[in-house]
Every structure is written in structure tokens, then in C-alpha cells.
Amino acid sequence: FGQITSCTLSDPAHIELYRPWPTPSGTFSYFHYNLVGRGTQPFMAGIKALQMRYAGQVYAPYKRLDEAVSNWVGTTGFDPVVKAIYYGRVFPQCEPALTDSGITDVQVRTVGCMESGFNPTYISQARARNSEAQNAMTVMYLANPTTTNQSLGDLFYGATYGASGYTASGYFSDGVTASNLDDNSLGAYKWPGFFFGVGMAHQWPAARLGGVAPPQSRVVYISLDLTGGMASRIIVTAPSGAQVTYDCGTTSPCPVTVDDRQGSHWFQVQYLSPLGAVLSQTAPDLLNIPGPASP
């Protein structure tokens with residue numbers, strides 16, 4: 001029969017199990033494996049949080065599941081001492097957390113569940129997993145925007161990206177960032193997807209301020225060259241990439257709406273035939289009009 005256990009080397013000839021063996025005697029062989037049995041890899045839960053975040057936009061129950069998973073990542077899947085996502089939690093050999101065979105020294109982690117010791121190289125490797133789960137911090141905080149959750153999100157973010165000399169005063173940085181934040185890694189293999197994709201870390205600074213701000217709509221007027229009496233339309237592209245087409249007919253200047261929250265918008269004018277075909281169009285140009293405008 002199989003038993004999951006861990007042990008401490010007492011001396012060169014003896015090991016001490018962290019709990020009594022279930023039989024009084026016998027001859028047994030052993031097999032070492034990373035993670036055995038039922039459990040969760042928190043970085044996988046972080047990836048799942050993004051999937052459920054998208055699903056929750058069309059099916060409400062997923063939103064509640066997403067919030068529950070994200071809260072678990074922050075409260076159980078994250079080691080506040082190493083400031084990194086565990087490699088494994090709930091697996092029998094990973095519990096209790098922060099100990100190895102009953103040792104209470106927090107510098108010791110169970111092998112395979114979390115990097116052991118406070119060697120900066122090991123800490124950096126552990127923090128690389130944060131890149132896959134920052135999205136969970138955003139979900140957790142937006143669902144429950146407490147000071148505690150904001151501080152946890154800041155700690156999570158700073159431990160991953162808070163390089164010395166580049167981190168604003170008042171935000172966490174201990175000089176150790178995630179491994180693989182180098183040009184070679186960020187241009188190859190899985191790392192671009194971790195740091196720039198599935199983790200959605202770029203959203204945390206906005207989330208900690210309360211999420212997306214409401215639109216700041218403003219009407220501006222664009223003058224048109226209506227020589228020849230041609231009808232016209234204007235295509236406005238916001239910094240977000242969203243496009244809106246305004247049918248101006250033979251009216252000049254033509255009113256369009258911009259969202260000042262986003263910054264400068266692009267616009268392009270098209271001149272049309274009586275049947276609506278595009279006869280000519282201007283090159284895209286920045287619509288950068290400061291302050292309210294009037295005709």
C-alpha cells in the first residue's frame with residue numbers, strides 16, 4: 001500500500017518520519033515524486049481566474065466562482081514570507097504549509113511545494129509564478145476593495161516587478177524581482193505570455209484605484225472640405241482601439257464625441273459619392289484639442 005510522508009535526516013544512517021508509520025515492521029521501498037494526490041497548484045488557479053473572469057461576463061455564476069478562486073489564491077496560495085505563489089497547496093506532502101517534517105523554522109519549505117531557504121535566487125524563481133496569478137489579485141480586490149486586499153495586491157505586484165530604483169516610494173520592493181525578467185526570456189518560450197498575457201499584471205495599477213473610471217465624454221467639431229457638395233463621414237478611433245463612425249452629410253464642422261479619460265483620439269475623413277462609395281479619404285490624424293471646443 002502507498003503512504004505519503006516526509007522525513008528528516010537524523011544522521012547518516014537514520015531518517016525520522018514526521019508521523020508514525022502505520023505498521024509495526026516490514027520492508028518497504030520508496031519513490032520520490034513532486035506532487036502526489038489531490039491538491040492545487042496556485043499558479044494554475046491564477047490562470048483559471050482569468051478564464052472565469054471572462055466567462056463571468058456572460059454567465060453570472062462564474063463571477064462568484066472567480067471571486068472565490070481569486071480569494072483562495074491570495075489567502076492560501078500565496079506565501080507572505082517568500083512573497084510568492086506556492087508550487088503546491090493542499091497536496092498531503094504540502095501541508096502544513098511553511099514547515100518541513102514539523103520543523104517550525106519558516107525558512108524551511110517542503111520540497112516540491114515551495115522553494116526552500118532565503119537564497120535570493122530561489123526567491124526570484126518562486127516569484128516568477130506570481131506573473132501567472134496577478135489577475136487573481138485584481139478580481140479579489142475589485143470584489144472586496146478593502147485596505148487589506150489592496151495591500152496584498154501591492155505586495156504581490158511589488159514582489160514580482162518592484163526592482164530597486166524603479167519602484168515609487170511607499171510601494172513594496174526588497175530588491176528581488178521575479179526571475180526571467182530579462183530580454184532573452186521575455187522574447188521567447190512561455191515568459192511573454194506569463195508577464196504580458198495571462199497574468200494581466202498591467203491591470204493592477206488601475207484596479208487598485210477602483211477599476212475603470214467612467215467615460216469623460218466631450219463633443220468636438222471637425223471642419224470638412226465640402227468642395228463639390230460631397231457627403232462625408234468621420235471615423236474616430238479611441239486609444240482603446242474602439243471605432244465610431246459619424247455620418248456628417250454636408251455639415252461642417254461635424255460634431256464627434258471623444259473620451260478625454262483615454263487621451264488623444266485618431267480621426268479620418270472619408271468623402272462619398274451620391275451612392276455612398278468612398279471617393280477619397282484623408283490620412284489618419286490625431287484629434288488633440290485641449291479643453292471644450294465649440295463650433
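- Cluster annotation: Leu279 and Leu226 are assigned to the same hydrophobic cluster (Ile/Leu/Val/Met/Phe/Trp/Tyr, side-chain heavy-atom contacts under 4.5 Å, transitive).
- Put simply, the side chain of Asp259 never gets that close to the backbone of Ser217: no donor and acceptor are under 3.5 Å apart.
- At least one donor-acceptor pair under 3.5 Å links the side chain of Ser124 to the backbone N or O of Ser179.
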Test side-chain contact (heavy atoms from CB on, under 4.5 Å) on Trp191 and Asp182; report intermediate values, then the result. CA-CA 10 Å; Trp191 304 112; Asp182 59 84; over 6 Å; no
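- Under the salt bridge (Lys or Arg N to Asp or Glu O under 4.0 Å) criterion, Lys83 pairs with no residue, sequence neighbours left out.
- Not one N or O on the side chain of Arg53 forms a donor-acceptor pair closer than 3.5 Å with the backbone of Val139.
- The backbone N or O of Pro12 lies less than 3.5 Å from no partner atom in the side chain of His14, so there is not a single donor-acceptor pair.
- In the model, Thr237 has a side-chain atom that pairs as donor or acceptor with a side-chain atom of Gln243 under 3.5 Å.
- There is a side-chain donor-acceptor pair under 3.5 Å between Thr227 and Asp225.
- Heavy-atom contacts from other residues, nucleotides or ligands closer than 6.0 Å to CG of Asp183 number 12 or fewer.
- Within the 4.5 Å cutoff, the side chain of Phe172 has no heavy atoms near those of the Asp154 side chain.
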Would you please test Gln41 and Tyr87 for side-chain contact (heavy atoms from CB on, under 4.5 Å) and show each step? CA-CA 6 Å; Gln41 292 184 281; Tyr87 189 73; 3.2 Å; yes
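- A heavy-atom distance below 4.5 Å is found between the side chains of Phe156 and Ile85.
- Ser185 places no side-chain N or O within donor-acceptor distance of the main-chain N or O of Leu181, the cut-off being under 3.5 Å.
- With contacts defined as side-chain heavy-atom distances shorter than 4.5 Å, the pair Gln262/Ser240 qualifies.
- Side chains of Tyr122 and Val82 form no contact here, defined as non-hydrogen atoms less than 4.5 Å apart.
- Between the side chain of Ser70 and the backbone N or O of Glu67 there is no donor-acceptor pair closer than 3.5 Å.
- Rounded to the nearest 0.5 Å, atoms CD (Glu115) and CZ (Arg129) are 4.5 Å apart.
- Linking Ile, Leu, Val, Met, Phe, Trp and Tyr residues whenever their side-chain heavy atoms come within less than 4.5 Å places Val81 and Tyr86 in a single cluster.
- With hydrogens and angles ignored, the 3.5 Å screen pairs a side-chain donor or acceptor of Arg261 with a backbone N or O of Ala213.
- The two residues Leu142 and Pro145 come nearest to each other via the heavy atoms O-CD, 4.0 Å.
- Of all the heavy atoms in Leu286 and Ser264, the pair that sits closest is CD2-CB, 3.9 Å.
- Taking OG1 of Thr146 as the reference point, atom CG of Asn144 lies at 5.0 Å (rounded to 0.5 Å).
- Atoms CE and CG, on Met140 and Asn135 in that order, are 11.5 Å from each other to the nearest 0.5 Å.
- Each of Thr76, Val73, Leu35 was checked for a side chain to side chain contact (heavy atoms under 4.5 Å, CB included) with Arg89, and the lone residue meeting it is Thr76.
- For the residue pair Val176 and Pro120, the shortest heavy atom distance occurs at CG1-O, 3.8 Å.
- Annotation: side chain of Ile222 is not in contact with side chain of Tyr246 (no heavy-atom distance under 4.5 Å).
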I'd like to know whether Trp72 forms a side-chain contact (heavy atoms from CB on, under 4.5 Å) with Thr40, so could you lay out the CA-CA distance, the side-chain angles of the two residues, the decisive distance to 0.1 Å, and finally the verdict. CA-CA 11 Å; Trp72 184 91; Thr40 299; 3.6 Å; yes
Given the rule in the side-chain contact (heavy atoms from CB on, under 4.5 Å) test, do Phe78 and Met137 qualify, once you have shown the distances and angles that lead to the verdict? CA-CA 11 Å; Phe78 181 69; Met137 299 298 99; 5.8 Å; no
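- Side-chain atoms of Ser232 come within 3.5 Å of backbone N or O of Gly249 as a donor-acceptor pair.
- Tyr141 OH to Thr148 OG1: the interatomic distance, rounded to the nearest 0.5 Å, is 11.0 Å.
- With sequence neighbours excluded, the residues forming a salt bridge (Lys or Arg N to Asp or Glu O under 4.0 Å) with Asp174 are Arg127, listed by chain and number.
- Proximity of a side-chain donor or acceptor of Glu132 to a complementary backbone N or O of Phe194 within less than 3.5 Å is not detected.
- In terms of heavy-atom proximity, Gly175 sits nearest to Ser164 at CA-OG, 3.2 Å.
- Under the 4.5 Å side-chain criterion, counting only non-hydrogen atoms from C-beta, Val256 is not in contact with Val244.
- For the pair Pro192 and Leu186, the tightest heavy-atom approach, listed with the atom from each and the gap, is CG-O, 3.2 Å.
- Under the 4.5 Å side-chain heavy-atom criterion for Ile, Leu, Val, Met, Phe, Trp and Tyr, Met44 and Tyr54 are members of the same hydrophobic cluster.
- Residues Thr138 and Ala207 come closest through the heavy atom pair CG2-CB, 3.5 Å.
- Cluster annotation: Tyr171 and Leu209 are assigned to distinct hydrophobic clusters (Ile/Leu/Val/Met/Phe/Trp/Tyr, side-chain heavy-atom contacts under 4.5 Å, transitive).
- Between the side chain of Gln270 and the backbone N or O of Ile235, no donor-acceptor pair lies under 3.5 Å.
- Below 30°, between 30° and 60°, or above 60°: for Tyr157 and Tyr161 the angle between ring planes is between 30° and 60°, a tilted geometry.
- Counting heavy atoms from C-beta outward, Gln51 and Tyr62 have side chains that approach closer than 4.5 Å.
- With a 4.5 Å cut-off on side-chain heavy atoms, Tyr271 and Val278 do not count as touching.
- Expressed to the nearest 0.5 Å, how far CG of Leu272 lies from OG of Ser280 amounts to 8.5 Å.
- To the nearest 0.5 angstrom, Glu95 atom CD is 7.5 Å from Cys113 atom SG.
- Side-chain heavy atoms closer than 4.5 Å link hydrophobic residues (I, L, V, M, F, W, Y) into clusters, and following such links, even through other members, never connects Trp266 to Val258.
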